[in-house]
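A short worksheet on the structure shown next.
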Amino acid sequence: MARSKRRRFTSGSNVRPGTMTFEPILEEGVFRFDCSVNVRDAVPPSISFLNTNDRDISIYSEKVPLYTPTFACRSEKQVVKLELPVGSSLYGTGEASGELERTGKRVITWNTDAWGYGPGTTSLYQSHPWVLAVLPNGEAIGILADTTRRCEIDLRKESTIQFVAPSAYPVITFGPFASPTAVLISLSKAIGTVFMPPKWSLGYHQCHSRYLSDERVLEVAKTFRKKSIPCDVIWMDNSYMDGFRCFTFDKERFRDPTSLVKDLHYSGFKAIWMLDPGIKQEEGYFVYDNGSKKDVWVQKEDGNPYVGEVWPVRCVFPDYTQSKVRAWWANLVKDFISKGADGIWNDMNEPSIFKDVTKTMPDSNVHSGDSELGGCQNHSFYHNVYGLLMARSTYEGMKLANEKKRPFVLSRAGFVGSQRYAATWTGDNLSTWEHLHMSISMVLQLGLSGQPLSGADIGGFAGNASPRLFGRWMGVGSLFPFCRGHSEACTTDHVPWSFGEECEEVCRLALKRRYRLIPLIYTLFYFAHTWGTPVATPTFFADPKDPSLRKLENSFLLGPILVFASTLRRQGLDKLEITLPKGIWLNFDFNDAHPDLPALYLKGGSIIPVGLPHEHVEEANPSDDLTLFVALDDHGKAEGVLFEDDGDGYEFTKGNYLLTHYVAELKSSVLTVSVQKTEGSWERPKRRLHIQLLLGGGAMLDTWGTDGEVLQLILPSEDEVSELVSTSEKNYKDRLENATPIPDVEVEVEVEEVSGPMETQILRIPIEQQSDIEDHVSQTPEEASTPTDGAINIADCSDAFKTTELFPSRDAVLNWAREVAKENGFVLTILRSETHTGSNKKNIRGKTYVILGCERSGKYRPYKNTLSKVTSSKKCECPFKLKGKALNKDEGWIVKVMCGYHNHDLGETLVVGHSYAGRLTAEEKSLVIDMTKKMVEPRNILLTLKDHNNDTTIRHIYNARQAYRSSQKGPRTEMQHLLKLLEHDQYVCWSRKVDDSDAIRDIFWAHPDAIKLLGSFHTVLFLDNTYKVNRYQLPLLEIVGVTSTELTFSVAFAYMESDEVDNFTWALQKLRELIVKDNEMPPVIITVRDIALMDAVQVVFPSSSNLLCRFHISKNVKAKCKLIVHPKEKYDLVMDAWDSVMNSPNEGEYMQRLTLLEKVCSDFPTFGDYVKNTWLIPHKEKFVMAWVDRVMHLGNTTIDRFETAHWRLENLLQDSGGDMCSCWDAVNNMIKLQHTQIKVSFEKSINIVEYNDPFYSKLRGFVSRNALSYIADHYDRVKTVGIDIDGSLCGCTIRTTHGLPCACELAKYSRTWHPIPLQAIHVHWRTLNFSDQEMNNEGLELALQREVDALHNQFQELDYAGKITLKAKLRELAFPDAILMCPSPENYFDAPKALGFRERQIN
């Protein structure tokens, strides 16, 4: 039975038509209009208003409305009309498809599951009975029909707004105000502002309808990190549920959701899970049983629970209009969050019902709503707010779970006011160019209707995106307020790496843009939350008075940034016509200009904060470098704001934040940037500040300083600025021209039949995407799927191939035919070829011929397990065929046309990216091979070839390189070829075989020059093992050394069968064999905590100190601490204590600091046990400074230098799927580059004079510049403290750790006026060559006999004059004092020994 009597509200039908009565409400300029005073008192409460009293209680105001609506009552419906001045532009209407400017449109506010909607669909997933009008003078006014019922918004008459809805309802006008922004701020005061999103939610989100297991989820997350593509969130659709039962997990595919979330958190990902309103009607299912017990379901008229069919089939639905039901749902959410969910996704909450023509529950259903919502009403009253109330319940449940975390809810359905609880997106869009274009307007319309946190499914939800479509969509979608890629089941997973290398790189660039702009986006949301300002707005917001801007749909503003995107398939950024608002707009980028990415412009007078391109938001640190982009206005001024806080929680509401107002001003060619004012109690982070002043044309001037201080930048002359701008514009143009565009690959798109309330139908049929999908939707199924066996003749090429020419050979036939085909816009392939040899029994007639066909002939073979969808697109059974036939007696070849028709359109030319277009000639292939040998990167080879063949793509380069390598390899196996390559380059190589076989188990190799370097630089070695650099996932051990100039070099490599102790021991024994002398064993070896590798080091190098990488230890401890220690204040305290322990200067300090760490970890015993048992007890001597500083590690306490070398290696390898030979090729190239750089660094140390102080006279040219830098730093300390510094003040650490004189030694030399002697420097720093010859104490070679003999031989061969000249030069070197033209200086410091002066005794 029904739970309460339904409330009824007057329809107002007995009121005469006319002008509505008004009263001022809320604030100055806001008016409520009703049909009459009596009707006003009888209308239902407001759900859209944050506080219904704000709508119902009038305020005092002397103002009267400038525009007053009229009303009429027709058929129990209230019709409200507001007429505005001619030339007004209309926007808003909430989630609406089609054009941005809404004049001529009609929208029905009735939340509808509108899969595959089109530009004319009138009802989508959300309802916003709201219109924003921009008047001809640039002022704006907004009007809200405050009704939850089905409402028609009729904008078909110019400058006229009409609402039609049942029952009586008030309308509220906001304005006119001076700008559209002012209207939206006023609206937000009424309906509430957007919830403050957690900072991580502003990163990129990745979703697919069928992530069918936890393994697949982790695989996606791992791939993002492996490919260095930023991402913060992985989403789980309803596939994770047990039979689509909400709040459950499939026990086979998602066995341990808590562990899954922990693994995601460890990698920097958040997890969001779907919850639908449809609860499976099944006894024994705890949610259904508990809900039935508490009487929470929506009822039919007869009082029984309504049952509708959704994903679990028979479902009941919570009645969120009741507070008790919302509390019940919130508690379910609270328990669900405890399993690790970071956010909740409310889907299907229109509510959507399957197998019902209305696609929702009957209007007659009964909701026993709270009195403040409207009381007991039928479904037609509450339908549009069902999704809002579900989102509210979910939001409140998340707050119950953790009051110190900000909830994140995404809701498909919504109403005015939903932004208080949830973000949203534009629903089930299509993978078409039309939907890409439309997504911009739809996101903007939601923002203009009070919902700033919205986005679109990047790439389209339904259908398979093409690479170019997905890349373009990512380019613009990455700058939407909410950024998520998503697609439905049975489609290509819309992730960046699904569409080829070119698209992947564009996506990477686009997302790095977003992450650099996170500080700006987060600041915009702070103001959206506190003030109600929009985040993304139409371009006309820059100048509302300019009517030419009001219909721009391919651009929008993100704060002061103007984003211009190409949404047309064949129009890249280089061909885009850009319309800029009045004023100064300066283009900029992040050195990532690309024809498939949007153009960015910064408004003059603006300063925007820019961060680092992290891989996830929480990777950022407040102490990271901060960049400010500055664009000056006409007066030479600019200003901007940066909001900072913890990124989560509500401490910012208590003042714990930092809001910085930056200002810039140009006076007398000097730009001054400073902090004008700050708000909040947060202490300013200690960080560097990078100022980048935009000059125009992409040109910038920059300077560095400290944030919070006044920074100044001196501008060059106007001519120099003009030159900078001109050069930058040219470079920008070159970057666009040289960038590799995403290929315009055809894909097959399928669109299935859907039906909506307005009987919109979209047929899901296989389509050949020769042009956009929109051109084909209107076809009938018969037209789209007609067999292509010759019945359809689209293009006739018969005449082009009719010829009487006699060709000398088969190759001549092929070359001629292919050229003709290319001229006609298609490619020929060989379908069949026969050569009569007499041995082929099938060739009975003894004919020699070749049959050529269009590349789109034939069809794909079906798989054994036929796929549910056809995904092929290239082959369409094209009937075109040619036959080349050899005449008898070697008379030549003739060509005949067997069928000259094609059943598909032909291009005027072959597009760039086609497998045939841009095919390399023999000369070009030879050039590719030569440049490959010289280690030129493929992209640079491509730039060179573009001058010869503009159709060449990177694919052609890779193919030519691979063909060259294959020809070099010949018939040898991969291992044989690797050994041959090692032998050819004279590598030292060892291998060992599997017992009783020829199979190689492990292989070790070292470059001969690397062995020389090892002989000279053996003090510190880095060891690490990786699996990422070959397709076999074989462990690759890399051994790296460091030179006196602090450059790393690869000592040796080893491919190993596995990463067991035995394999490591064998490889390290081979390393030891490279070391000739026992006294050259490495004193220090640095590794990560790989137990097998550490054990092998102990076996082979027992006397070496095995240090552990402090960076990796800190990283592991930090990750563990994040999982265990909460809140953030405790986390910071614990990590500070841990850092203090690691940096203990001696054992006494270590024990004191360890005690403090144990104290702060007393509330977190699990973490305390972890750091002690995993790190401190077994390994403290390997990473705590008290012990580490007892060995000569040369400043290497981490493997950062090794990681840099390894990054370079991976950058050269480019792909982890290469074979061992291509991997070796990259390694070989890297080693040669290393050696070249090291030689250059030696030359610089020998020849470049940096320290002219006589104090360094004995060191210049004999010691590396890096060592001199260390010494100079300590000498500065002596100058600061005074020359009386002694060992107690000094600590003498650098003498122990670096082998360099410490401060007290330097003080001693300074007191005695004595230069630093060369023997005070460790031999490591005195080695500036590849030679491993023995050195004396002065660091000079013992023998010069070879050089003397060479000079003597040269002397004997010279004539008399030559002998005189050479002898004079040698005398200058041998007897410098004998040839001086002036006496030796008195002061020793002016006569360095290195220049040959006699040393003066110092007392």
(request) Go through the side-chain N and O atoms of Asn554 and Thr567 and say whether any donor and acceptor fall under 3.5 Å apart. (result) no
(request) Quickly, which of Leu50, Val43, Leu144, Ile191 forms a side chain to side chain contact (heavy atoms under 4.5 Å, CB included) with Arg55? Name it, please. (result) Val43
(request) To the nearest 0.5 angstrom, please state how far the CG atom of Asp113 sits from the OG atom of Ser123. (result) 12.5 Å
(message) Taking the ring of Trp425 and the ring of Phe461, is the distance between their centroids below 6.0 Å?
(response) no
(request) Answer with yes or no whether the side chains of Thr432 and Glu434 bring together a donor and an acceptor at under 3.5 Å. (result) no
(request) Please determine, by modelled atom types, if Asn384 and Thr148 share a side-chain donor-acceptor pair under 3.5 angstrom. (result) no
(message) Suppose we call two aromatic rings close when their centres sit under 6.0 Å apart. Are Phe33 and Tyr67 close by that rule?
(response) no
(message) Consider side-chain hydrogen bond (donor to acceptor under 3.5 Å, both in side chains). Of Thr93, Asn111, Thr112, which one does Ser127 pass it with?
(response) Asn111
(message) To the closest 0.5 Å, what do you measure between OG (Ser606) and OH (Tyr601)?
(response) 15.5 Å
(message) Taking Gly417's backbone N and O only, do any of them form a donor-acceptor pair with Gln419's side chain (distance below 3.5 Å, no angle check)?
(response) yes
(message) Within the 3.5 Å criterion, strictly below it, is a donor on Glu83 or Thr160 matched to an acceptor on the partner's side chain?
(response) no
(request) Of all the heavy-atom pairs spanning Ile521 and Leu202, show the shortest one and how long it is. (result) CG2-CD1, 4.0 Å
(message) Assess the residue pair Tyr382 and Phe415 against the criterion (ring pair (Phe, Tyr, Trp, His ring centres under 6.0 Å)); give the C-alpha distance rounded to whole Å, side-chain angles, the decisive distance to 0.1 Å, and a yes or no.
(response) CA-CA 11 Å; Tyr382 284 118; Phe415 188 70; over 10 Å; no
(request) Determine yes or no for a side-chain-to-main-chain donor-acceptor pair under 3.5 angstrom, with Asp34 supplying the side chain and Ser36 the backbone. (result) no
(request) Go through the side-chain N and O atoms of Thr539 and Ser555 and say whether any donor and acceptor fall under 3.5 Å apart. (result) yes
(request) May I ask you to decide if Leu389's main-chain N or O and Ser393's side chain share a donor-acceptor pair within less than 3.5 Å? (result) yes
(request) Measure the spacing between CD of Gln126 and OG1 of Thr426 and express it to the nearest 0.5 Å. (result) 10.0 Å
(request) Please find out if less than 6.0 Å separates the ring center of His367 from that of Tyr320. (result) no
(message) When you measure from the side chain of Arg32 to the backbone of Arg40, do you find a donor-acceptor pair of N or O atoms at a distance under 3.5 Å?
(response) yes
(request) Kindly indicate whether a cation-pi arrangement holds for Arg484 with Trp345, taking the cut-offs as under 6.0 Å to the six-membered ring centre and within 45° of the axis. (result) yes
(message) I need the single residue from Pro534, Pro180, Pro538 that forms a side chain to side chain contact (heavy atoms under 4.5 Å, CB included) with Leu448. Which is it?
(response) Pro538
(request) Measure the spacing between CD of Gln451 and NE2 of His128 and express it to the nearest 0.5 Å. (result) 6.5 Å
(request) Go through Tyr125 and Trp110 one step at a time and tell me if the ring pair (Phe, Tyr, Trp, His ring centres under 6.0 Å) criterion holds. (result) CA-CA 8 Å; Tyr125 307 89; Trp110 187 252; over 10 Å; no
(message) Please tell me whether Ser411 and Asn349 have a donor and an acceptor in their side chains that are separated by less than 3.5 angstrom.
(response) yes
